[in-house]
Amino acid sequence: MPDFSVITQNLPYLLWGRALEGQPGGLLLTLIMSLEAGVLALVVGVLLALAAWLSGGWTRRILFAWADFIRGIPLIFVIFWLYFLLPSLFGVNLPDTITVVLAIAWFTSAAVMYSTLAGLEALPKGQVEAGLSAGFSRTKVLVNILLPQALPNVLPSLVGVFISLIKDTSLAFIVNVPELTTVAGQVNNRTQIYPTEIFLFTGAVYFLLCGALSLTVHLAGGRRARPA
Amino acid sequence: MTASATPLIELQNVHKWHGDLHVLRGIDLTVSRGEALAIIGPSGSGKSTLIRLVNRLEAISEGEIIIDGVPTARFAGRELRELRSEIGFVFQQFNLYGHLTALDNVSLALRKVRGVPRAKAEARARDLLDRVGLADKAGHFPSQLSGGQQQRVAIARALATDPKIVLFDEPTSALDPEMIGEVLAVIRELPKAGITILVVTHEMAFAREVADRVAFIDGGTILELETPEKFFSAPSHPRTRRFLQQVLSPLSAAEAS
């Protein structure tokens, strides 16, 4: 029989690590990292999509090459690179948590760029022509007419991207950042005989987290929806 | 026709190529202030391209377009945007901004291009919606309006910046037949208010009743440019005669060929 008392005994550590000593960990750190990386990836990804939409020729090709490059390598390598390269190449010594957040944001921004750009380009060409013939510049067409229509349309795909992002924070365990997966591993190493209980619990927490995000957006979207 | 010393629009030897395709082959055309010009012709004749060149939704390959005495063919950037904001354009597919209400569709350019304060822009938009008979639909989104209502909002939107010229690209071609009348009724009021209109259309009755002159385009050339009376009663070019027969009595034209 599984014995979940190992969870209740270690619950504070799994949920917020050593937050009381000023070092947030566990679920709390997972949430903080997800939020930071998510906001960063959204802003950077949307800006990249706008730049790609506005530009042609080489600028656009470079943006796509950049996004394809980052999409084509496993996230774990991006984390390793930033973790080892930033200090050795540039002498920068960022906190480990920040390094991982940057890696995840960088990685995810490519997916945000692709989704957003697809949403912009799926809008009828007539929307652009209507804006241009009213005297809008291309940038103003983009900001006032296209983006407000594209973002709600790509919301489901962005939610998918952010669900991946939440799960991707678990890769921080390879550089020992004490988020949920790392602290679960620590508890498992310490107690030795309850891996089933610990990792069932950890999996359930990720599931609830992603499910809650999905449900929130679904409900918020339902309220805002206009008759189509 | 209100004749004036200087023409409002003057096209001089205008050419348009799409790659190897020679869409417009040296168009010369003069439109007076307050004139209503109907442009008709078979599909692919270049008639839509012609009006899309006037507000430069398409680039001019060769030639000049003089508007109100100013050559505009080389306009770019701010100059071009200012020119466009002084010319209304109404599309076949309406192209209302899908995320905005009728009121916001009409007031958006006033606010964001002309910098008019919101309250003033919305007051103007309400006036215009009232003028096209849609005062009660100000808060509706395009998806909640019929095709005819959407096109009337689009006309109000085209009028928002008080243009001297409004271009219509087949404004009734995407409408159900019972809605065509309400849109044409709005369009016919514009020349009475001194607005010059160029209307690409398949509505022969409209061309006959509203237009001061009718231009017939085929193969990228203006073959005929006449008052409606002469145009419909005694067309001079054989291709005009054939086209008129095809659109006015399509079945007999098909049987004859």
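Residue numbering restarts at 1 for every chain, and letters A, B, ... go by the order of the sequence lines.
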Over 12 foreign heavy atoms within 6.0 Å of [atom1], [X]:
| X | atom1 | result |
| --- | --- | --- |
| Phe84(A) | CZ | yes |
| Arg111(B) | CZ | yes |
| Phe173(A) | CZ | no |
| Phe199(A) | CZ | yes |

With respect to chain A, which residue among [options] yields the maximal number of heavy-atom pairs within a distance under 4.5 Å?
| options | result |
| --- | --- |
| Leu96(B), Leu83(B), Leu80(B) | Leu96(B) |
| Gln93(B), Arg78(B), Gln92(B), Arg52(B) | Arg52(B) |
| Arg84(B), Arg56(B), Glu82(B) | Arg84(B) |
| Glu86(B), Lys112(B), Arg114(B) | Lys112(B) |

Which region of [X], side chain (C-beta onward) or backbone (N, CA, C, O), has a non-hydrogen atom less than 4.5 Å from a non-hydrogen atom of chain A, or is it both or neither?
| X | result |
| --- | --- |
| Ile87(B) | backbone |
| Arg157(B) | side chain |
| Leu167(B) | neither |

Item to check | Minimum side-chain heavy-atom gap Asn144(A)-Tyr97(B) below 4.5 Å | outcome: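 A side-chain contact is absent here, since even the closest heavy-atom pair is not under 4.5 Å.
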Would you name the heavy atoms of [X] and [Y] that are closest together and state the gap between them?
| X | Y | result |
| --- | --- | --- |
| Asn95(B) | Ala130(A) | O-CB, 3.5 Å |
| His99(B) | Pro148(A) | CD2-CB, 3.4 Å |
| Val113(B) | Ala134(A) | CG2-O, 3.9 Å |
| Gly98(B) | Gln127(A) | N-OE1, 3.8 Å |

Checklist entry - Measuring from Leu132(A):CG to Asn55(B):CG, what's the distance to the nearest 0.5 Å? => result 9.0 Å
Checklist outcome for this item: Value for CD (Glu129(A)) from CD (Glu58(B)), rounded to nearest 0.5 Å, stands at 7.5 Å
